[in-house]
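Below you'll find the structure, written out as structure tokens, and then a few comments.
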Amino acid sequence: MEKYLAIEAAFGAALKESRKLNALSQEQLSFESGLDRSFISLLECGHKQPSLLTLFQLAKALKTTPSQLLAETEKHCI
């Protein structure tokens with residue numbers, strides 16, 4: 001039986017996967033997105049949720065679309 005994650009954790013997993021696929025550290029993603037590295041860590045751990053603006057900033061830095069990040073999130077969700 002496959003284990004599904006809560007929405008915050010699912011987004012964090014999708015974000016981390018995308019960051020690693022782009023061979024970026026949290027520090028590099030922070031620089032590219034204009035977001036604080038500690039905030040990115042909190043997102044990846046599922047402790048925070050992104051705003052719409054944040055979602056777009058992350059997608060641009062990861063050279064993807066917000067909808068693709070959400071599609072990846074959905075794969076991990078309940």
Side-chain angles (χ1 to χ4, degrees):
M1 185 171 169
E2 198 171 330
K3 182 180 178 185
Y4 293 100
L5 303 173
I7 188 76
E8 297 89 350
F11 179 79
L15 177 60
K16 188 173 187 176
E17 287 172 7
S18 184
R19 178 176 61 77
K20 288 187 173 196
L21 283 173
N22 281 277
L24 294 173
S25 67
Q26 287 182 348
E27 191 71 35
Q28 291 167 316
L29 180 55
S30 169
F31 178 77
E32 294 294 326
S33 66
L35 300 168
D36 191 80
R37 191 220 45 89
S38 61
F39 181 64
I40 291 171
S41 176
L42 290 171
L43 288 170
E44 287 187 359
C45 292
H47 296 297
K48 293 283 184 182
Q49 297 178 45
S51 68
L52 189 57
L53 177 60
T54 299
L55 178 62
F56 274 75
Q57 287 174 276
L58 289 167
K60 183 176 180 181
L62 293 166
K63 298 175 178 57
T64 189
T65 63
S67 59
Q68 184 59 41
L69 272 178
L70 293 177
E72 293 301 317
T73 299
E74 192 174 6
K75 290 178 183 178
H76 298 287
C77 274
I78 296 173

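Counting from 1, the numbers follow the sequence of the chain as shown.
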Inset, instruction - Any chance you could measure F11, atom CZ, to E44, atom CD, to the nearest 0.5 Å? - result: 9.0 Å
Inset, instruction - Mind checking the OG-NZ spacing from S18 to K63? Nearest 0.5 Å is all I need. - result: 10.5 Å
Legend entry - Side chain to side chain, L58 and L29, heavy atoms closer than 4.5 Å: yes
Legend entry - Main-chain N/O of L24 paired with R19 side-chain donor or acceptor, under 3.5 Å: yes
Inset, instruction - Kindly compute the distance separating NZ (K16) from SG (C45), expressed to the nearest 0.5 Å. - result: 7.0 Å
Legend entry - Closest approach of Q57 to L35 (non-hydrogen atoms, all atoms of both residues): OE1-CD2, 3.8 Å
Legend entry - N/O donor-acceptor pair under 3.5 Å between Q68 side chain and T65 backbone: no
Legend entry - For E8, side chain to side chain contact (heavy atoms under 4.5 Å, CB included) partners two or more places apart: A6, Q49
Legend entry - Rounded distance [0.5 Å steps], OG in S51 versus CZ in F56: 10.5 Å
Legend entry - Nearest heavy atoms of C77 and I7, plus distance in Å: SG-CD1, 3.3 Å
Inset, instruction - Of all the heavy-atom pairs spanning S30 and D36, show the shortest one and how long it is. - result: OG-C, 3.7 Å
Legend entry - Spacing of L42 atom CG and Q26 atom CD [to the nearest 0.5 Å]: 9.0 Å
Inset, instruction - Could you tell me which residues satisfy salt bridge (Lys or Arg N to Asp or Glu O under 4.0 Å) with E32, sequence neighbours excluded, listed by chain and number? - result: none
Inset, instruction - List the atom of Q28, the atom of A23, and the distance in Å for their closest heavy-atom pair. - result: OE1-O, 3.7 Å
Inset, instruction - Measure from the side-chain N and O atoms of T73 to the backbone N and O of L69, and report whether any donor-acceptor pair falls under 3.5 Å. - result: yes
Inset, instruction - Spell out, yes or no, whether L70 and L5 are grouped together once hydrophobic residues are joined by side-chain heavy atoms under 4.5 Å, including indirect joins. - result: no
Inset, instruction - Side-chain contact test, heavy atoms from C-beta onward, threshold under 4.5 Å: evaluate it for E17 versus K75 and give yes or no. - result: no
Legend entry - Distance (rounded to the nearest 0.5 Å) between L15 CG and L55 CG: 9.5 Å
